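One structure is given below, encoded as structure tokens.
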Amino acid sequence: MFSRREPVPFAFVAEADRFRSNVTPPPRESMSRTQLAARSLVGLTVVAGLAGSLLFGMPALEPGRAPVKSQQSQASEGR
């Protein structure tokens, strides 16, 4: 077998991993106290919602529990 040395139409893609930019990105701004408090409050709300749904949903997932029958009205019993 022989290999052909033809130019590849997308040779720039092969060179992209070697390219290094000389432009540095701007430094990240530090979060203020209000942003930090808001982010932690949102996180706490999400965690509390998941914990609450798990707490209230677990009894419904237990096998072998019979559904509670509602009481019939007195008018239907008199017939």
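The structure presented is a predicted model; accordingly, all values stated were derived computationally and were not measured.
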Task: Co-members of Phe56 in a cluster of I, L, V, M, F, W and Y side chains, linked at under 4.5 Å - done: none
Task: Side-chain cluster (under 4.5 Å, hydrophobic types only) that Met58 belongs to, other residues - done: Leu54, Leu61
Which pairs of donor and acceptor atoms, one on a side chain in residues 35-48, lie under 3.5 Å apart (sequence neighbours left out)?
unit_1: Gln35; atom_1: OE1; unit_2: Ser32; atom_2: N; d: 3.3
unit_1: Ser40; atom_1: OG; unit_2: Leu36; atom_2: O; d: 3.1
unit_1: Ser40; atom_1: OG; unit_2: Ala37; atom_2: O; d: 2.9
unit_1: Thr45; atom_1: OG1; unit_2: Leu41; atom_2: O; d: 2.7

